[in-house]
Amino acid sequence: MDFAFTDEEETFRTELRAFLDAEVPDWWSGMFVDDERAMPFTRELCRKLAERGWLTMAWPTEHGGSGASVWKQAIVREEMWAREEPRGPQYMNLNYIGPVIMRFGSPDQQSRFLPPMARGEVIWCQGFSEPDAGSDLASLSTRAEDCGDHFVVNGQKIWTSYADAPADWCLLLVRTDPTTPKHRGISVLLVDMTTPGITVRPIDTMAGPHEFNEVFLDDVVVPRDCLLGELDHGWDLVVAGLTFERVGIARYARAGRVIELLVDYANANGLGHDPIVRDRLADLHARYEAAKVLNYRAISMQAAGEIPTVEASIARMHNTQLEQAVGHAGLELLGPAGQLRAGDRWAPLQGEVHRYWTRNIPSTLAGGSLEVQKNIVAQRGLGLPREP
Ligand SMILES: Cc1cc2nc3c(=O)[nH]c(=O)nc-3n(C[C@H](O)[C@H](O)[C@H](O)COP(=O)(O)OP(=O)(O)OC[C@H]3O[C@@H](n4cnc5c(N)ncnc54)[C@H](O)[C@@H]3O)c2cc1C
């Protein structure tokens, strides 16, 4: 396996970096902040990326992409995640909501939903988790009653990122047949978030404002042409969608950038000779390289048209644990001052390491927890029995 990028891909990376250097302002630190500049900035950046054909570059041309290789798309992901994802919520459209519609949607749904995503104009959210259905997602109870030409939805979702952005649409998982075993009888609806009966309530956490929401659905009417895939067979879409999601996030790139910051900090503060510091940083760097290659393996399978379920889980396990390890090592290296938050004038590295550490506390939960990933590897990868 040769994972080296070609000269053309490296040239593209240089061009993209120059573009981002010019476009991403110093104040940008991701979406989950109380800063009214964040949403207009990310919308404008996505418009510019779309103009250059860089937003959905690996999508087929008929869906508004440029037909570029998945490797060029991987370069975009790496450069974006290294800069706190200036595409904001759009990365979800590109990485998995769009691809799931491409794979399972009708031609009408594809022509309706994909072009606005390719232009960077719409925000989608993912309505999967419920208060009593997280890891055990198939236990979800949000009910969609089949009324012929429409469904009526009642229930509650939670942890819905970007719902308050506000999201325009939701990829909503619902139970359409409560009489069958739990993995069956589930369907996916494409729901207009302005439909009467939808209430979004933000949840503030230590990771920052605007990261999470509750979404309440009371007698929400969804037209039948917004059913994605077959009725009662939504679980296949969930597996494909979550796999694309796991591959689609270049978490290692963000970890790599923080490792670079820590190396610079160690050198600038006379810590570069300390054997403990060298040990920790070298160890993190090795883990970063391994996480990157594991992601590349999953991407290469995706490029071949496969759904790399086990490989995506393995990559995810390494990536999320790397992020947490980098955050912990960073706080230790900076000492007590490392606990000062961004915005405090005495905070070393502008509080970036503290912010990184805080944000990554839940990273081993998002998109399926670490334990859930291990279960996938145990069962599907190693052939161990399904959990009782
Ligand atoms: C940053 C972030 C963003 C998110 N964004 C979204 C979103 O946009 N849309 C959405 O729908 N959801 C979202 N989620 C929710 C996420 O998918 C759930 O948090 C996750 O699936 C875990 O579910 P839970 O929180 O209910 O925890 P639980 O399922 O209650 O798990 C609690 C703990 O028990 C462990 N556990 C559970 N079952 C097992 C088992 N069988 N074996 C071993 N250990 C087990 C888990 O690993 C975990 O440590 C997001 C979560 C995070 C952290």
Side-chain angles (χ1 to χ4, degrees), residues 30-33 81 84-85 88-93 95-97 100 123-142 155-175 182-183 186 188-189 191 193 198 200-217 234-235 237-239 241-246 248-249 251 254 312-313 316-317 319-321 323-324 327 355-380 384-388:
M31 282 295 295
F32 306 126
V33 288
W81 277 84
E84 293 292 347
E85 191 43 275
Q90 295 289 335
Y91 76 93
M92 304 209 304
N93 299 359
N95 291 343
Y96 67 97
I97 299 181
V100 164
I123 292 175
W124 281 73
C125 62
Q126 176 192 320
F128 282 17
S129 306
E130 297 182 1
D132 293 320
S135 300
D136 186 12
L137 185 58
S139 294
L140 65 95
S141 61
T142 293
Q156 186 199 338
K157 297 291 170 178
I158 194 166
W159 315 124
T160 323
S161 307
Y162 309 114
D164 67 335
D168 305 295
W169 287 86
C170 180
L171 186 75
L172 186 75
L173 214 53
V174 290
R175 184 159 303 282
K182 64 180 181 181
H183 286 85
I186 289 175
V188 178
L189 298 177
V191 178
M193 289 292 282
I198 298 181
V200 174
R201 195 185 294 161
I203 307 171
D204 275 0
T205 69
M206 67 184 285
H210 305 297
E211 177 144 17
F212 297 117
N213 299 277
E214 292 175 292
V215 177
F216 299 90
L217 302 121
W235 195 249
L237 277 76
V238 173
V239 173
L242 288 176
T243 300
F244 295 153
E245 180 187 8
R246 281 165 201 148
I249 301 183
R251 289 174 177 273
R254 207 162 50 170
S313 287
R316 177 82 178 196
M317 282 162 57
N319 274 270
T320 50
Q321 290 180 98
E323 286 195 300
Q324 292 182 345
R355 185 169 55 220
Y356 183 77
W357 173 77
T358 319
R359 289 224 175 123
N360 285 308
I361 292 170
S363 64
T364 42
L365 270 176
S369 74
L370 182 60
E371 291 73 21
V372 166
Q373 309 302 330
K374 286 182 184 172
N375 272 334
I376 292 172
V377 174
Q379 190 189 324
R380 298 189 184 206
L384 290 164
R386 186 183 260 278
E387 306 179 78

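Remember, it's 1-based here, ligands and their atoms both numbered in the order they're listed.
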remark   = By side chain to side chain donor-acceptor pair (under 3.5 Å), Arg251 pairs with (sequence neighbours left out) Glu323
key: Rounded distance (nearest 0.5 Å) linking atom CD of Glu214 with atom CH2 of Trp159   = 8.0 Å
key: Gln324-Thr364 side chain donor-acceptor pair, cut-off 3.5 Å   = yes
ask   = Near ligand 1, which protein residues have a heavy atom under 4.0 Å away?
value = Gln126, Phe128, Ser129, Gly134, Ser135, Trp159, Thr160, Ser161, Glu211, Phe212, Pro362, Leu365, Ala366, Gly367, Ser369, Glu371, Asn375, Glu387
inquiry  = Within a 6.0 Å radius of atom CH2 on Trp357, are there more than 12 heavy atoms belonging to other residues, nucleotides or ligands?
reply    = no
inquiry  = Tell me whether Asp132 at atom CG has more than 12 heavy atoms from other residues, nucleotides or ligands lying less than 6.0 Å away.
reply    = no
ask   = So, are Glu130 and Arg175 salt-bridged, with charged N and O less than 4.0 Å apart?
value = no
